[in-house]
Amino acid sequence: MDLIPLSYEILRMIWWLLLGIILIGFALTDGFDLGIGTLLPFAARTDAERRVLINVVGPVWEGNQVWLVLGGGAIFAAWPPLYAVSFSGFYLAMLVILVALILRPVAFKFRGKIDDPRWRNLWDWALFIGGAVPALILGVAVGNVLLGVPFGLDDTLRPRYEGNFFGLLTPFALLCGLVSLSMIVAHGAAVIGLRTQGAPAERARRYGRIAALTAAILFALGGLWVAYGLAGYTVTSVQNPAGPSNPLMKTVARSVGAWLAGYSARPWTMIAPILGFAGCLLAWLGMTVKSWRTALIGTSLAIFGIISTAGLSLFPFLLPSSLQPNASLTVWDASSSRLTLWTMLLVTGILLPIVLAYTAWVYRVMRGTVTTETIGRNPNAY
């Protein structure tokens with residue numbers, strides 16, 4: 001008797017969707033932390049103004065990073081080959097991201113220890129690095145996935161990676177990195193405008209409008225590059241969605257424009273890039289008329305649309321291989337066992353609602369405008 005009520009194919013699809021949800025959740029929550037950190041030296045000029053921006057993210061940034069941990073855990077549990085190849089192949093890139101992220105808590109704690117402008121300015125720039133570098137490199141990583149990653153598998157499915165850190169910094173990958181950075185900066189600007197007032201909000205508005213338009217323009221350029229200049233991947237053999245997890249049991253071809261084939265087969269997926277563009281324009285409009293809720297809705301839609309566009313374009317690929325295309329990892333051949341996916345789904349069904357409920361509660365408690373007066377009344381403020 002089969003004790004697992006869901007088929008292997010459905011479980012694989014659920015985990016692909018969950019991975020996308022986790023990545024979008026990370027970009028929506030920790031994304032505005034990164035965006036505010038990137039804007040900190042520019043949107044805030046005085047120590048008081050910078051303290052206001054820091055205390056916008058201070059109570060929530062640690063909780064927001066839970067999504068990043070969830071993403072790593074989901075990849076490890078549901079897609080072991082993806083975890084093995086990406087975390088080893090992108091090792092130096094991930095190390096740079098981690099170092100940048102580690103700067104954030106250090107800067108939060110150390111900035112106020114010495115009442116010296118030079119000391120505090122040093123940690124303000126550390127917060128800038130901790131915001132801008134992860135946003136940029138994560139986008140670069142997505143660009144390299146679309147390009148294909150130089151890895152292969154031997155007969156025992158052991159991976160080998162033949163790239164290097166600087167090889168990741170190709171023009172197309174950097175373009176994707178700039179899309180990510182501008183998208184995150186616009187998101188951070190929208191939150192600054194919603195949670196603060198006065199000069200920092202006005203400066204954030206100016207930078208946010210530029211970032212929103214930049215994200216739209218670069219997203220369009222990336223789409224044209226994918227359509228007319230980038231070789232995508234297509235599975236040319238019959239692939240069993242419920243088959244064994246063996247990436248070598250298929251054949252893969254490369255051709256320019258292949259990443260757009262899914263939109264012809266599934267026209268409803270066009271909603272993703274449409275939301276990406278519409279969100280950027282709505283964010284720009286909201287900041288132009290100083291409607292911060294509209295701007296935040298716009299940046300959230302842009303994040304959802306742009307990340308979804310990348311995921312839907314790749315489907316069913318998780319990590320295509322430029323070195324050995326037939327070894328590319330897909331949703332149907334790189335997952336854990338059916339029992340593992342089912343067990344982890346039960347655990348996720350319990351823990352994810354708790355994370356969502358706690359996050360909603362924290363945001364509700366911490367809502368409202370942050371000012372120098374509210375900071376002065378709070379002995380725990382940064």
For the residue pair [X] and [Y], what are the closest heavy atoms and their distance?
X: Ala27; Y: His187; result: O-CD2, 3.9 Å
X: Arg118; Y: Asp116; result: N-OD1, 2.9 Å
X: Leu301; Y: Leu282; result: CD1-CD2, 4.3 Å
X: Phe128; Y: Thr38; result: CD1-O, 3.1 Å
X: Thr330; Y: Leu318; result: O-CD1, 3.7 Å
X: Ala327; Y: Pro247; result: O-CB, 3.8 Å

Quiz item: Do Ile36 and Ile102 belong to the same hydrophobic cluster, where Ile, Leu, Val, Met, Phe, Trp and Tyr are linked whenever their side-chain heavy atoms lie under 4.5 Å apart, directly or via other members?
Solution: no
Quiz item: Is it the case that one hydrophobic cluster holds both Trp15 and Phe76, taking links as side-chain heavy atoms less than 4.5 Å apart, direct or via other members?
Solution: yes
Self-check item: Step-by-step side-chain hydrogen bond (donor to acceptor under 3.5 Å, both in side chains) determination, Asn246 to Asp333
Solution: CA-CA 5 Å; Asn246 186 344; Asp333 61 21; over 6 Å; no
Quiz item: Who pairs with Arg266 by side chain to side chain donor-acceptor pair (under 3.5 Å), at least two apart in sequence or on another chain?
Solution: none
Just distance, no hydrogens or angles: give the donor-acceptor pairs under 3.5 Å from side chains in residues 82-89, sequence neighbours left out.
| residue | atom | partner | partner atom | Å |
| --- | --- | --- | --- | --- |
| Ser86 | OG | Leu82 | O | 2.5 |
| Ser88 | OG | Ala84 | O | 2.5 |
| Ser88 | OG | Val85 | O | 3.2 |

How long is the straight-line distance from [atom2] of [Y] back to [atom1] of [X], given to the nearest 0.5 Å?
X: Leu221; Y: Phe219; atom1: CG; atom2: CZ; answer: 11.5 Å
X: Trp67; Y: Ile21; atom1: CH2; atom2: CD1; answer: 8.5 Å
X: Tyr233; Y: Leu146; atom1: OH; atom2: CG; answer: 10.0 Å

Exercise. State plainly whether the residues Glu49 and Arg51 are in salt-bridge range, i.e. N to O under 4.0 Å.
Key: no
Quiz prompt | Contacts of Arg195 that satisfy salt bridge (Lys or Arg N to Asp or Glu O under 4.0 Å) - sequence neighbours left out | solution = none
Exercise. May I ask you to establish whether Arg205 and Tyr207 are in a cation-pi arrangement, using a distance under 6.0 Å from NZ or CZ to the six-membered ring centre and at most 45° from the ring axis?
Key: no
Are [X] and [Y] linked by a side-chain donor-acceptor pair shorter than 3.5 Å?
X: Gln197; Y: Thr369; result: no
X: Arg254; Y: Ser328; result: no
X: Thr343; Y: Thr340; result: no

Practice problem: Please test Trp79 against Phe317 for ring pair (Phe, Tyr, Trp, His ring centres under 6.0 Å), starting from the C-alpha separation and ending with a verdict. | Solution: CA-CA 12 Å; Trp79 315 101; Phe317 289 91; over 10 Å; no
Exercise. State which residue, out of Leu127, Asn121, Leu122, fulfils the side chain to side chain contact (heavy atoms under 4.5 Å, CB included) condition with Trp125.
Key: Asn121
Quiz item: Would you say Ser237's side chain and Thr251's backbone share a donor-acceptor pair under 3.5 angstrom?
Solution: yes
Quiz prompt | Aromatic centroids of Trp342 and Tyr8 separated by under 6.0 Å | solution = no
Exercise. Check whether the ring centres of Trp16 and Phe315 lie less than 6.0 Å apart, and answer yes or no.
Key: yes
Practice problem: If you link ILVMFWY side chains whenever their heavy atoms are less than 4.5 Å apart, which other residues fall into the same cluster as Leu224? By chain and number, please. | Solution: Tyr228
Show me, pair by pair, the donor-acceptor contacts under 3.5 angstrom made by side chains of residues 92-100, not counting sequence neighbours?
none

Sequence neighbours excluded and cut-off under 3.5 Å, please list the side-chain donor-acceptor pairs for residues 171-186, or say none.
| residue | atom | partner | partner atom | Å |
| --- | --- | --- | --- | --- |
| Ser180 | OG | Ala135 | O | 2.6 |
| Ser182 | OG | Leu178 | O | 2.8 |
| Ser182 | OG | Val179 | O | 3.1 |

Self-check item: Stepwise side-chain hydrogen bond (donor to acceptor under 3.5 Å, both in side chains) check, Arg209 with Thr214
Solution: CA-CA 9 Å; Arg209 291 175 72 242; Thr214 301; over 6 Å; no
